Amino acid sequence: VTSLRSFLLRRFGQSVVTLFAISILAFAMIHLVPGDPATIALGDNATPQTVSALRHQLGLDKPLPVQYVDYIGNALRGNLGISIRNQEPVSTDIMSGAGSTLELALSAAVLAILLGVSAGAIAASSRRWLRLTVMTTAFIGLSTPTFWSGILLILLFGLTWHLLPVVGATGLSSLVLPAITLALPAAAVLARITRGSMLEVLRQDFVRTARAKGISRTRVVLRHVMPNALIPVVTIIGLQLGGLLSGTVVVETLFARPGIGRLAVQAIEERDFPVVQGVILLAGAVFVAINIVTDLIYPLLDPRIRR
Amino acid sequence: MTVKWRAYAAIAVIGCALVATLTACGSSSSGSAASSSQTLNIGIPEEPDTLDPQTTNAAISTTILEYAGDTLVALDPSDNSKIVPDLATSWQTSSDGLTWTFTLKSGVKFQNGDPCNAAAVVASFERAMNPSTKIGTVAAVVKPVKAISAVGNNKVVITLSGPYSLFLQNLANPSASILDAKVAASEGSSFGRHPVLTGAWSITKWVSGDQITLTRNSSYNWGPAYAGGKPAKLKTLNFEIIPDSATQVAAEQSGQTQMTYGVPTQNIKSFKADPSTYTSYPYLRSGVGLFLEFNVTKPPFNDPVVREALNYAVNKKTLVSTALLNQGEAACGPLPPSIPGYWSGMCGYAPKYDPAKAKALLEQDGWTLGSDGVLQKGGKPFQFTLYSSATPSTWDTSSQLLQQQLKAVGIDMTIENMEFGTLLSKTEAGADSAHLMGYTYTTADILNLWFRSTNSGSGLDLSHVDDPKLDKLIDAYQTQATSSARDAALETVQKYISDLDLWVPLWVPDDDIVTTSQLKGAVLSKQGYLVLNKASLS
């Protein structure tokens with residue numbers, strides 16, 4: 001118990017440092033990109049006076065370190081600033097997209113795990129032609145960019161068969177195509193990792209011993225091989241969840257779904273830098289949280305790690 | 001064996017579940033589409049910043065406000081230089097052009113039932129003139145206004161600080177839509193999410209990143225004559241925000257949207273090829289879609305002869321046929337034919353493609369052809385970097401064609417593509433030698449925004465021209481009291497800008513609105529939107 005506590009404390013400390021680094025990067029990046037947000041916000045009719053007034057109001061005329069300290073102080077109090085684009089609090093913009101993104105990322109994650117792990121397991125324990133088919137499909141899935149596979153799915157299910165809506169976020173039906181598009185590359189990675197890991201475990205002595213003791217092959221795979229093979233898979237699932245979140249940037253734009261990825265693209269294009277910073281901070285925090293949860297799952301799968 | 005079979009079974013179950021979800025969902029969505037014949041789903045490529053007419057800076061807001069708001073005067077859909085009554089039935093101007101008196105239609109109400117009388121119109125303008133309101137494009141409308149007052153219940157008097165030739169035309173801009181200033185004051189910044197106006201549809205719902213819903217205003221019996229004087233036939237307008245152009249086309253083809261704004265150039269032909277399913281409403285863009293603009297403060301383009309030579313070196317016809325697939329025309333001057341005030345003699349006046357003349361001009365200017373095929377002067381080769389953007393693809397194709405055409409006369413041009421926001425800020429700062437740029441604007445006042453020397457550095461004077469004569473000519477057209485005097489002054493300034501060779505104007509594209517052929521009664525406005533008051537789905 002003490003070791004778990006110190007482990008948790010250590011991980012938490014590391015996370016704070018990571019988040020601090022992310023916040024500095026986010027802040028620095030947005031100030032290195034050319035384009036003055038005040039000028040862009042005010043548009044073509046702005047006079048130099050109104051531009052300098054807005055720069056002052058946004059604090060853009062202060063030295064960068066002061067701007068950063070102001071920013072972090074406010075962020076810790078939950079105030080991520082005001083969007084230049086629509087004058088609403090950044091937290092409002094983010095919250096309005098969070099539900100939709102979470103819905104998409106979670107359904108894609110479930111889909112990716114189901115498809116990936118089962119495909120990997122089949123490929124590890126079956127005939128050559130099936131193995132080749134599964135792994136070739138996985139390879140194609142891995143190498144296909146989402147903006148292309150998404151368009152193909154739209155053509156097939158939206159235009160040719162008229163089964164599913166192409167755009168929007170109304171109802172479950174509009175979730176299907178984006179979720180599949182987002183899940184495909186992650187599922188492909190999981191299939192490859194699962195297969196490799198299972199093959200390695202299947203070769204080990206205890207598997208032969210178990211079979212020699214007369215336990216059925218199904219039981220050996222499910223009770224002995226799977227738990228051992230799943231540890232690297234869980235790590236990859238954690239990483240892929242982060243990947244799914246970044247994938248929403250493309251998928252949400254492609255399928256015209258509201259969400260955080262879409263918000264990020266729009267904010268970058270329009271130099272709405274308070275929103276960009278907010279999204280980067282949030283994405284960083286989510287990534288860090290996923291990593292901690294992944295670390296906590298290991299002991300559940302492997303008793304040796306608990307000690 | 002058993003393991004394999006179980007594995008197969010598991011896959012089969014997952015597969016079936018997926019198919020079941022797909023088909024079940026598919027049928028439900030097609031069912032709802034069939035029952036909503038009074039709703040028109042309209043694809044738009046971007047999301048408005050705000051729908052508060054006075055604070056928005058986005059062109060897409062203007063399009064939506066055409067449906068939701070009314071202005072004092074409107075532009076005739078078939079002739080955008082003709083001004084017709086909207087909320088004002090008539091207007092008079094004093095002989096010095098400084099005092100404008102508008103007589104308002106009676107019985108006009110805001111969408112919440114508040115009366116839209118003279119006092120309300122005055123309050124709406126006063127909000128835009130209040131320095132604490134962060135106004136957007138409406139700035140061009142209220143800039144010349146000195147004072148506004150109500151006379152009785154149905155007369156409004158506007159006094160200008162000087163004669164301003166484009167005043168009436170500017171009043172027709174949707175950014176000058178009359179809004180309920182009382183509600184605006186009480187709601188603050190959230191007013192922009194559901195502004196209260198007087199138009200044929202009211203903005204009832206806005207889901208960020210998804211759609212904006214407009215619902216029919218059933219008491220609407222005012223508005224311009226072309227609106228028909230009664231409520232619209234379509235009950236609901238759903239503006240679906242679809243940023244990806246391929247998805248936009250797919251949504252229209254799948255029937256999920258029945259109308260699309262901003263159809264990508266490469267897809268226009270496929271819609272036009274199927275007139276039984278789609279109706280296409282092409283119009284010449286209200287702006288020059290692409291031009292090569294020189295930074296006149298830096299060599300080699302601080303030399304006017306070099307700028308003139310480039311104007312002879314470029315074959316615009318090839319650009320129009322290859323980059324635009326002939327969906328548009330060559331540009332000749334700073335204004336397109338679609339903006340009132342365009343001088344119709346421009347194309348005859350401006351330089352035409354003549355590579356021999358380009359070479360001769362450069363030779364007279366001291367440039368000699370080196371052994372590597374590149375012109376040289378004083379030991380320096382004629383090399384420059386063109387700042388541009390790779391999207392849209394029409395820009396990308398055009399910049400590559402330019403590169404070839406300039407190479408033919410001995411100019412070595414390198415293309416540097418960047419994202420549009422970066423391009424704009426780098427050219428504003430004058431970091432470039434030359435760049436590609438384009439604009440869309442409603443009136444000839446773009447000449448003031450683009451060429452007046454005070455807009456250099458932080459504004460749109462991206463050529464950084466600082467020419468007192470040009471500034472004077474711009475003042476001259478702005479301060480004319482009559483439209484004929486204004487057009488004469490505009491002709492002079494267009495000729496002078498062409499003489500300065502600040503640009504190589506390249507092309508003006510045809511933009512296109514595509515609808516399902518079941519949409520009947522829609523009328524194209526030359527300003528680039530569809531009038532839908534009398535439209536319905538058959």
Side-chain angles (χ1 to χ4, degrees), chain A residues 33-36 39-46 48 51 85-88 93 96-97 100 114-115 118-119 121-122 125-127 151 154-155 157-159 161-169 171-174 176 216-218 221 252-259 262-263 265-266 269-271, chain B residues 2-4 6-8 10-11 14 18 21-26 28-30 43 46-47 49-50 55 57 134-137 139-140 143 189-190 192 207-211 240-244 246-248 250-251 253-257 419-422 424-426 428-429 449 457-460:
Chain A
V33 174
D36 175 47
T39 316
I40 291 170
L42 290 169
D44 307 340
N45 292 304
V51 170
R85 175 188 162 79
N86 61 11
Q87 304 296 320
E88 307 227 11
D93 275 357
S96 76
S100 169
L114 282 178
L115 279 175
S118 44
I122 291 169
S125 54
S126 54
R127 283 182 219 163
I151 288 283
I154 285 178
L155 283 177
F157 290 93
L159 293 186
W161 296 334
H162 287 281
L163 282 176
L164 290 165
V166 173
V167 295
L172 201 62
S173 58
S174 66
V176 179
S216 77
R217 211 184 144 150
T218 320
V221 168
E252 285 175 351
T253 305
L254 184 63
F255 289 94
R257 282 179 64 84
R262 175 93 172 272
L263 183 69
V265 175
Q266 195 173 51
E269 278 176 355
E270 306 197 6
R271 297 288 187 276
Chain B
T2 43
V3 174
K4 279 180 202 162
R6 287 194 188 195
Y8 292 157
I11 288 296
I14 294 173
L18 271 178
T21 338
L22 297 180
T23 43
C25 302
S28 73
S29 78
S30 57
E46 62 208 63
E47 183 162 10
D49 46 358
T50 165
T55 63
N57 274 304
K134 241 191 243 157
I135 49 174
T137 42
K143 195 178 56 180
S189 72
S190 69
V207 184
S208 292
D210 190 14
Q211 53 175 255
E240 308 262 358
I241 305 147
I242 312 176
D244 186 87
T247 315
Q248 232 189 346
Q253 288 173 339
S254 72
Q256 213 182 336
T257 55
E419 173 266 340
F420 190 78
T422 313
L424 197 59
S425 57
K426 284 203 172 181
E428 264 175 18
L449 295 175
S458 64
L460 286 174

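Just so you know, these numbers come straight off a predicted model, no measurement behind them. Every heavy atom of this structure was used, including side-chain atoms; hydrogens, water molecules and symmetry mates were not.
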Could you check which of [options] has the highest count of heavy-atom pairs closer than 4.5 Å to chain A?
options                            : result
T257(B), V207(B), T55(B), I241(B)  : I241(B)
E47(B), Q248(B), Q211(B)           : E47(B)
A429(B), A251(B), P243(B), G192(B) : P243(B)

Q. So what's closer than 4.5 Å to chain A heavy atoms on Q253(B): side chain, backbone, both or neither?
A. both
Q: Please name all residues satisfying side chain to side chain contact (heavy atoms under 4.5 Å, CB included) with T247(B), sequence neighbours left out, ordered by chain then number.
A: I154(A), V166(A), V167(A), L254(A), I242(B), D244(B)
Q) What residues, two or more places apart in sequence or in another chain, satisfy side chain to side chain contact (heavy atoms under 4.5 Å, CB included) together with S216(A)? A) T218(A), R219(A)
Q: Tell me, for R257(A) versus chain B, whether the close heavy atoms (under 4.5 Å) come from the side chain, the backbone, both or neither.
A: backbone
Q. Tell me, side chain or backbone of Q266(A) under 4.5 Å from chain B's heavy atoms, or both, or neither?
A. side chain
Q: Drop me the distance from S254(B)'s OG to L163(A)'s CG, to the nearest 0.5 angstrom.
A: 12.0 Å
Q) How long is the span from the CD atom in E269(A) to the CD atom in E419(B), to the nearest 0.5 Å? A) 7.0 Å
Q | Contact check, side chains of N57(B) and R85(A), non-hydrogen atoms, under 4.5 Å | A | no
Q | Closest-packed option against chain B by number of heavy-atom pairs under 4.5 Å, given L159(A), T253(A), V265(A) | A | L159(A)
Q. Looking at R262(A) and G209(B), what are the two nearest heavy atoms and their distance?
A. NH1-O, 2.6 Å
Q | Closest contact, heavy atoms only, I151(A) versus A246(B) | A | CD1-CB, 3.4 Å
